[in-house]
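Below is one structure; the comments refer to it alone.
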2 protein chains.
Amino acid sequence: MLSNSSKYALKAVLYLGINSSEEKKVLSKEISDRTNIPKAYLSKILQPLSRHHIVSSVRGPGGGFYLSKENRAVPLIDIIHIIDGDHRLTSCLLSLKECNAEHPCPLHDLVGDTKVRFVKNLEGTTVEDLVADIEAGRSFLPL
Amino acid sequence: MLSNSSKYALKAVLYLGINSSEEKKVLSKEISDRTNIPKAYLSKILQPLSRHHIVSSVRGPGGGFYLSKENRAVPLIDIIHIIDGDHRLTSCLLSLKECNAEHPCPLHDLVGDTKVRFVKNLEGTTVEDLVADIEAGRSFLPL
DNA sequence: TCTTTTTTATGATATTTATCATATTCTAGG
DNA sequence: CCTAGAATATGATAAATATCATAAAAAAGA
Ligand code: FES
Ligand code: FES
């Protein structure tokens, strides 16, 4: 459903959501240490996120990664699209060219509605929504 | 969500559900040709299915694969468990040790209920149920 | 301007998954 | 029994993912 890389991306972004701010930047090494994401792999994931303005970064001393106001308003689906592309989530479980209700594969009805709803949720939920959940103790970021 | 191997397994079993019977056995080559599953890969997938009595087989001239009455009553989840093991489907999206509502990860509520329902559906649906759907034109097996 | 700190970029290795190829065993029929 | 047709078992290769390592670029401070 989600690639390992997407999981890491989401974890890293959420970690930044909780622990960073414009004033308090965070080193990739800290993210790596705290989330158990391999350091170099994490770097490779943060790059496209940075390029696409999902996270903010400055280099040099005192630099690091952080989430700006705008970053926090990004819908989760954007993160997944950047890392996994936009086909993985919506593709047919049995690899029909297209997943739609007019020409459904045998599994479509077993999952269809639920998959669509998940995608909708990813579109309608932002990073700050999840950060709020975590900070309110409604959910827990795996560390 | 489902591995490629599971997709192939389901496709192959459904193909047999439609095209085989105790009297009309089907060669693995035919399955491979019709479903575009690579021949040797398919063989490797059919073996554990045969061992676990998901499909029936006889070797030698006139032999092949087919689905018995009992095979048709197998719930879909069994096929997936044999191929993917029983963790892949139920594991946490963000790789918490366990996915449960008491200690949910930030994504849990975006998908949780729906994932549980999908698994329930896989447990409650048998091969013959899906075959009936296909034969009634309610769904389509990718060929 | 030099050094240090950090991200960014690129390439190499390892692991997993998918695919291919070949040898072995079983079974029916002559 | 002998042969041929089939599944079964095992091992080898290829491709995709995940991981590691290193070099380059930018920014800050002395
Ligand atoms: S058509 Fe296969 S999951 Fe929708
Ligand atoms: S706890 Fe992560 S999906 Fe349920």
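Labels below follow one simple rule: chain letters A, B, ... track the order of the sequence lines, proteins then strands, and each chain is numbered from 1.
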Spacing between [X] atom [atom1] and [N] atom [atom2], to the nearest angstrom:
X     : N      : atom1 : atom2 : result
A:L49 : C:dT8  : CG    : P     : 10 Å
A:I45 : C:dA9  : CD1   : C1'   : 16 Å
B:L42 : D:dA6  : CG    : C1'   : 14 Å
B:Q47 : D:dT10 : CD    : P     : 9 Å
B:K25 : D:dT8  : NZ    : C1'   : 17 Å
A:E30 : C:dT5  : CD    : C1'   : 15 Å
B:D84 : C:dT16 : CG    : P     : 16 Å
A:I31 : C:dT6  : CD1   : P     : 13 Å

Q) Nearest 0.5 Å, what's the CZ-CZ distance between B:R117 and A:R117? A) 5.0 Å
Q) Going by atom types alone, do A:S5 and A:Y41 pair a side-chain donor with an acceptor below 3.5 Å? A)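 Result is yes, a qualifying pair exists.
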Q.
Within the 3.5 Å criterion, strictly below it, is a donor on B:K11 or B:T35 matched to an acceptor on the partner's side chain?
A.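 No - no donor-acceptor pair under 3.5 Å links their side chains.
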Within the distance-only criterion (no hydrogens, no angle test), does the side chain of [X] pair as donor or acceptor with the backbone N or O of [Y] below 3.5 angstrom?
X      : Y      : result
B:D78  : B:I54  : no
B:K115 : B:S91  : yes
A:D133 : A:L130 : no

Q: Give B:L46 one of three labels, base, sugar-phosphate or nothing, depending on what nucleic acid heavy atoms sit under 4.0 Å from its own.
A: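 If one applies the 4.0 Å heavy-atom cut-off, B:L46 turns out to touch nothing in the nucleic acid.
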Q. Between B:V55 and B:V58, is there a shared hydrophobic cluster once you connect ILVMFWY residues whose side-chain heavy atoms come closer than 4.5 Å?
A. no
Q.
Between the opening five pairs and the closing five pairs of the helix from C:dT1-D:dA30 to C:dG30-D:dC1, how far apart are the helix axes, to 10°?
A. 10°
Q) Along nucleotides 18-28 of chain D, 5' to 3', which nucleotides get a B, which get an S, and which get a -, given that the test is a protein heavy-atom distance under 4.0 Å? A) SBBB---BSBS
Q: Find out whether A:N36 and A:L143 are in side-chain contact, i.e. whether some heavy atom of one side chain is under 4.5 Å from a heavy atom of the other.
A: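 Answer no - side chains too far apart.
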Q) Counting just side-chain N and O atoms, does B:S57 come under 4.0 Å of either OP1 or OP2 of D:dA7? A) no
(Q) If the cut-off is 4.0 Å, is A:R51 near the phosphate of C:dA9, judged by side-chain N/O to OP1 or OP2? (A)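 So the side-chain polar atoms of A:R51 do come within 4.0 Å of the phosphate oxygens OP1 or OP2 of C:dA9, strictly under.
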Q) For the residue pair B:P104 and B:L96, what are the closest heavy atoms and their distance? A)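 For B:P104 versus B:L96, the nearest heavy atoms are C-CD1, 4.0 Å.
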